[in-house]
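Report on the following structure.
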Amino acid sequence: MAIRKVGVVGCGLMGGGIAQTCAQAGYETVVREVNQQLLDKGLARIHDAWKIMVSKGKLTQGQADETLARLHGTLDIADFADCDLVIEAVIENMEEKLRLFPALDKTLKPHALILSNTSSLNITQMGAVTKRPDKVCGLHFFNPAPVMKLVEVVKTISTSEETVETVKQFAISLGKTPVLAKDTAGFIVNFLLIPYLLAAIRMLENGMASRDDIDTAMKLGCGYPMGPFTLLDYVGLDTTLWAAEAIYDEYKDPLYAPPPLLRRMVLSGMYGKKSGKGFYDYQ
Ligand code: CAA
């Protein structure tokens with residue numbers, strides 16, 4: 001199936017990065033937000049990224065202008081009507097997704113695919129509220145989406161082989177390397193990454209080492225690009241909490257139980273880099 005036009009629901013950190021990636025890869029791209037203020041903020045972030053790429057010589061001004069012309073912001077889900085594929089990257093809240101999927105199902109043409117960028121919620125359940133569960137699967141990007149090479153293609157028990165193959169080819173066309181995962185909470189990356197991040201928080205809670213020493217240890221001792229606290233702030237503490245809760249909910253494995261400090265930081269609005277405060281300050 002040929003993909004010509006792509007829709008992205010949500011222009012936050014992930015949705016914006018995904019829309020940027022799709023437009024850069026040559027796809028006509030529509031990105032939707034719930035209000036003008038969030039849309040303007042998300043589009044401004046993308047435009048800034050393109051300005052930096054031009055200043056670094058990674059894009060010519062002409063290419064940046066063409067890419068910009070391929071990206072359209074909207075507040076109206078009806079503007080997805082002629083998309084061949086829509087990727088949802090809205091808040092990690094199942095009720096929100098269960099409202100969105102039937103609306104997309106009604107709006108899109110019968111051939112169109114509906115993909116979720118969820119990092120750990122049940123995609124089978126999202127497919128089940130549409131009349132096209134065979135055309136629903138996960139396409140999970142990593143932050144920053146335009147840079148990170150991996151995507152997880154997540155197959156539910158209802159996703160057809162044809163959908164999986166189309167989505168894999170689409171991922172390759174974006175310059176990504178797809179890996180295939182079953183629809184189980186956390187897929188591959190978060191099933192492994194979340195316990196590591198939560199263990200770092202527990203070490204801090206227990207006074208075993210300082211924030212800076214834990215970060216330095218993992219950067220220099222394991223060659224990770226970021227220590228766990230820098231990465232937690234970068235991914236978002238709210239996102240990490242939702243992912244941990246979703247995986248804990250599925251397996252009831254204490255490895256995934258959110259540490260008290262994480263929950264309290266999120267309750268206090270300390271989401272990490274995006275809110276200006278997390279384990280580090282970004283003011
Ligand atoms: N658009 C285009 N290019 C971008 C960009 C964007 N939005 N953001 C960064 N870049 C580019 C930079 O311009 C830079 O390009 P050059 O190398 O050509 O100069 C390059 O990416 C690297 O960026 P920086 O120089 O700013 O910084 P860095 O070298 O320290 O790398 C990083 C930054 C890529 C984020 C690196 O630190 C890293 O890989 N960190 C780990 C990130 C990670 O683990 N992400 C996954 C988190 S888990 C997740 O997302 C899933 C989940 O469900 C929770």
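Whatever order the structure lists them in is the order used to number ligands and atoms, beginning at 1.
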Ring centers of Tyr256, Tyr248 separated by less than 6.0 Å: no

Ligand-side contact atoms (ligand 1) for residue partner Val235, heavy atom cut-off under 4.0 Å: 47 (C), 48 (S), 54 (C)

Check: Thr159 main-chain N/O paired with Thr163 side-chain donor or acceptor under 3.5 Å: no

Side-chain donor-acceptor contact under 3.5 Å, Tyr27 with Ser173: yes

Asn122 backbone acceptor or donor facing Thr124 side chain under 3.5 Å: no

Flag: protein heavy atom within less than 4.0 Å of atom 32 (C) of ligand 1: no

Atom 28 (P) of ligand 1: any protein heavy atom closer than 4.0 Å: no

Minimum-distance pair of heavy atoms, taken over all atoms of Ile77 and Ala103: CD1-CB, 4.0 Å

Heavy atom of the protein closest to atom 37 (O) of ligand 1 (residue, atom name, distance): Met226 CE, 3.6 Å

No-hydrogen, no-angle side-chain donor-acceptor test under 3.5 Å, Asp79 and His72: no

Sub-4.0 Å protein heavy atom next to atom 19 (O) of ligand 1: yes

Residue and atom name of the nearest protein heavy atom (relative to atom 8 (N) of ligand 1), distance in Å to one decimal: Val147 CG2, 3.7 Å

Side-chain donor or acceptor of Glu92 paired with backbone N/O of Ser119 under 3.5 Å: yes

No-hydrogen, no-angle side-chain donor-acceptor test under 3.5 Å, Asp105 and Thr130: no

Tyr224, portion touching ligand 1 at heavy-atom distance under 4.0 Å: neither

Region of Val189 that comes within reach of ligand 1 [heavy atoms, distance under 4.0 Å]: neither

Numbered atoms and elements of ligand 1 in range of Met148, under 4.0 angstrom, heavy atoms: 39 (O), 42 (C), 43 (C), 45 (N)

Considering all heavy atoms, the nearest Ile194-Ala243 contact: CD1-CB, 3.8 Å

Closest to atom 13 (O) of ligand 1 (judged by heavy-atom distance), picking from Arg45, Lys56, Met53: Lys56

Within reach of ligand 1, part of Asn190 (heavy-atom separation under 4.0 Å): side chain

Is_contact(atom 22 (C) of ligand 1), protein non-hydrogen, under 4.0 Å: no

Distance from atom 16 (P) of ligand 1 to nearest protein heavy atom, with residue and atom: Lys58 NZ, 3.5 Å

Ligand-residue contact atoms, ligand 1 with Ser119, heavy atoms, under 4.0 Å: 53 (O)

Backbone of Val154 reached by a side-chain donor or acceptor of Glu152 within 3.5 Å: no

Side-chain (Lys252) to main-chain (Asp249) donor-acceptor, under 3.5 angstrom: yes

Joint hydrophobic cluster, Leu43 plus Ile18, side-chain heavy atoms closer than 4.5 Å: yes

Atom 51 (C) of ligand 1: nearest protein contact (heavy atom, Å): Phe142 CD2, 3.3 Å

Residue and atom name of the nearest protein heavy atom (relative to atom 44 (O) of ligand 1), distance in Å to one decimal: Leu231 CD1, 3.5 Å

Heavy atom of protein inside 4.0 Å of atom 10 (N) of ligand 1, strictly below: yes

Leu261 backbone acceptor or donor facing Glu205 side chain under 3.5 Å: yes

Pro146, Ser55, Gly16, Ala145: member with heavy atom nearest to atom 7 (N) of ligand 1: Pro146

Per atom 48 (S) of ligand 1, closest listed option by heavy atom (Asn143, Thr118, Leu193, Asp48): Leu193

Closest protein heavy atom (residue, atom, distance) for atom 2 (C) of ligand 1: Gln20 NE2, 3.6 Å

Minimum-distance protein heavy atom relative to atom 39 (O) of ligand 1: Pro225 CG, 3.7 Å

Residue Pro144 vicinity, atoms of ligand 1 by number, heavy atom under 4.0 Å: 35 (C)

